[in-house]
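The figures that follow rest on heavy atoms only: side chains count, while hydrogens, waters and symmetry mates do not.
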Amino acid sequence: MKSKQELRDLISHRAEEIKSHKDIELVMQKHYKLMFKLYLTKPLYFKVIFKANRFIIGTAVMTYFFTTDNPTLRHVKDFCKTTGLISENTVDSFLLFIRVGGRMEVKKDPLDKRKLNYTVTSRAQDETRALINTMMIPYGMLYPDFDVSRCLKMENFNAEYFRKYSEIILNQIYLFDMVPDCKEFIFRDAGHMMLMDLYIESIRQQNAVIEYNYLKASLKCGVSRSHIKRCLKAAEAGGLLRLDSANNTIVLHLTFMQMVLNYFSVYMAMVEYGLSGLPDMTQRPC
């Protein structure tokens with residue numbers, strides 16, 4: 001297993017290569033279309049998991065499920081505690097949320113009644129795989145020698161993917177640490193969709209000064225207009241954009257455009273690392 005620094009360096013290097021690809025904007029648009037289609041199926045669930053601290057909990061759940069014999073809730077809680085980023089109440093609330101939603105089943109350990117073993121249901125596994133697909137399919141556009149169709153047919157895809165991706169999780173390498181400017185978005189519900197929506201609108205309108213319909217954005221992101229406006233106000237305070245109320249436009253600064261590009265490239269590099277664990281796949285080396 002690579003050290004944390006080695007892994008960070010590898011992800012940073014690969015992100016720079018991905019970012020410089022001539023088709024990077026087409027790939028981002030493809031991800032957005034796939035993500036939007038998936039998002040509409042369960043907007044409440046996806047808006048919740050795309051808040052950074054909950055995303056950490058969710059990936060920890062999947063990681064321990066696929067890498068540990070008889071995974072317990074204590075494995076997940078202890079890991080989250082070591083991050084220093086997530087309160088115990090947040091962990092408990094999110095675990096309850098996914099249990100009530102039919103994504104996790106819990107039972108007492110037959111050998112130690114104090115322990116609660118868990119399994120990730122087929123529903124959660126299917127949703128996780130669909131989420132990875134929103135990055136994996138665009139990845140295949142960058143590197144045509146990567147066999148996307150074979151991956152889509154793999155029955156044990158999640159298990160193979162998370163055995164490798166777990167190195168990122170257990171080393172506590174976070175996207176928001178590698179791209180700090182994204183925090184104003186991804187520490188909020190639906191943050192990923194909001195920043196991607198703004199970037200894609202700038203491509204669609206072919207301008208860094210965009211007209212932005214808050215009602216449509218709220219429907220696309222599954223959050224209220226006031227939630228989006230609070231997020232944009234915070235991004236404005238951080239120097240990423242400017243809200244021009246008089247003209248009903250948003251001025252996206254170069255810092256915002258660069259942040260989203262860096263964010264997406266690091267995200268894809270992380271997904272690539274998980275994909276590198278799949279057996280007998282022709283792909284970029286990690």
Side-chain angles (χ1 to χ4, degrees), residues 1-8 10-11 42 45-46 48-132 135 154-178 186-187 189 192 267 270-279 286:
M1 182 182 291
K2 293 179 175 63
S3 70
K4 181 173 183 176
Q5 190 58 52
E6 288 173 334
L7 198 47
R8 280 182 62 99
L10 173 62
I11 292 169
K42 301 179 181 74
Y45 175 64
F46 287 110
V48 168
I49 66 166
F50 266 121
K51 185 173 182 179
N53 57 358
R54 295 171 190 148
F55 194 80
I56 293 171
I57 304 169
T59 50
V61 167
M62 299 302 289
T63 291
Y64 283 106
F65 179 68
F66 286 115
T67 63
T68 307
D69 292 333
N70 301 316
T72 67
L73 295 184
R74 181 49 54 194
H75 283 122
V76 176
K77 291 181 179 182
D78 286 348
F79 170 79
C80 291
K81 185 176 181 179
T82 64
T83 68
L85 298 168
I86 312 167
S87 71
E88 189 172 342
N89 284 342
T90 298
V91 177
D92 287 339
S93 295
F94 185 72
L95 292 177
L96 179 61
F97 172 76
I98 59 178
R99 287 176 66 182
V100 171
R103 296 175 173 91
M104 174 192 282
E105 294 177 351
V106 176
K107 61 181 180 180
K108 291 183 178 180
D109 188 296
L111 300 178
D112 186 346
K113 301 298 183 182
R114 295 170 300 177
K115 294 180 180 179
L116 292 175
N117 297 126
Y118 73 87
T119 57
V120 176
T121 66
S122 59
R123 177 182 184 181
Q125 292 197 49
D126 289 345
E127 290 169 342
T128 299
R129 185 166 183 171
L131 190 57
I132 296 170
M135 290 297 280
M154 286 181 64
E155 292 185 4
N156 62 338
F157 175 88
N158 283 347
E160 300 290 352
Y161 177 88
F162 275 99
R163 287 190 189 108
K164 189 69 173 180
Y165 190 79
S166 65
E167 295 178 31
I168 293 174
I169 302 305
L170 298 179
N171 273 297
Q172 298 186 25
I173 297 174
Y174 305 122
L175 212 166
F176 55 80
D177 280 339
M178 300 188 73
I186 68 168
F187 272 80
D189 283 351
H192 175 82
Y267 185 13
M270 289 178 165
V271 171
E272 179 189 63
Y273 193 75
L275 296 174
S276 72
L278 304 180
C286 283

Within residues 87-104 or reaching into it, pairs that qualify as side chain to side chain donor-acceptor pair (under 3.5 Å) - sequence neighbours excluded:
Lys77-Asp92, Ser87-Thr90, Arg103-Glu127
Residue Lys115 excluded, over 12 heavy atoms near NZ under 6.0 Å:
no
Nearest 0.5 Å please: distance from the NZ atom of Lys2 over to the CD1 atom of Ile168.
10.5 Å
Contacts of Asp112 that satisfy side-chain hydrogen bond (donor to acceptor under 3.5 Å, both in side chains) - sequence neighbours left out:
Arg114
Kindly determine whether Val48 and Phe94 satisfy side chain to side chain contact (heavy atoms under 4.5 Å, CB included), including the steps that lead there.
CA-CA 9 Å; Val48 168; Phe94 185 72; 3.9 Å; yes
Is Leu95 close to Val61 at the side-chain level, that is, under 4.5 Å between some pair of heavy atoms?
yes
Answer whether the closest heavy-atom distance between the side chains of Met270 and Ile173 falls below 4.5 Å.
yes
In short, ring pair (Phe, Tyr, Trp, His ring centres under 6.0 Å) pairs touching residues 107-129 with sequence neighbours left out are none
Are Tyr165 and Tyr273 an aromatic pair, judged by ring center distance below 6.0 Å?
no
Closest heavy-atom pair, Thr83 versus Tyr174, reported as atoms and distance to 0.1 Å, is CG2-OH, 3.0 Å
Could you walk me through whether Ile86 and Phe79 pass the side chain to side chain contact (heavy atoms under 4.5 Å, CB included) check?
CA-CA 10 Å; Ile86 312 167; Phe79 170 79; over 6 Å; no
Nearest heavy-atom pair of Asn171 and Ser3: which atoms, and what distance?
OD1-C, 4.3 Å
To the nearest 0.5 Å, atom CZ of Phe187 lies from atom CZ of Phe55 at 12.5 Å
Side-chain heavy atoms of Met104 within contact of Arg123, under 4.5 Å:
no
Using side chain to side chain contact (heavy atoms under 4.5 Å, CB included), reason through Asn156 and Met154 one step at a time and then give a plain yes or no.
CA-CA 6 Å; Asn156 62 338; Met154 286 181 64; 3.6 Å; yes
Are any of the side-chain heavy atoms of Ile57 and Phe97 separated by less than 4.5 Å?
no
Are side-chain heavy atoms of Leu116 and Arg74 found at a separation under 4.5 Å?
no
Within the 6.0 Å centroid threshold, strictly below: His192 and Tyr267:
yes
Thr67: what forms a side-chain hydrogen bond (donor to acceptor under 3.5 Å, both in side chains) with it, not counting sequence neighbours?
none
Kindly indicate, with the supporting measurements, whether the criterion side chain to side chain contact (heavy atoms under 4.5 Å, CB included) is fulfilled by Asp177 and Arg8.
CA-CA 10 Å; Asp177 280 339; Arg8 280 182 62 99; 4.2 Å; yes
Ala159: side chain to side chain contact (heavy atoms under 4.5 Å, CB included) partners, not counting sequence neighbours:
Phe66, Arg163
Which pairs, with at least one residue in residues 51-65 and sequence neighbours excluded, count as a side chain to side chain donor-acceptor pair (under 3.5 Å)?
Arg54-Asp189
Rounded to the nearest 0.5 Å, how far does CD1 of Ile49 lie from CD1 of Ile98?
10.0 Å
Closest contact, heavy atoms only, Gly102 versus Thr121
O-OG1, 2.8 Å
What residue among Leu131, Ile132, Asp126 forms side-chain contact (heavy atoms from CB on, under 4.5 Å) with Thr128?
Ile132
Gln125 side chain near Phe65 side chain, heavy-atom distance below 4.5 Å
yes
Please examine the side chains of Leu7 and Glu167, heavy atoms only from C-beta on, and report whether any two atoms are closer than 4.5 Å.
yes
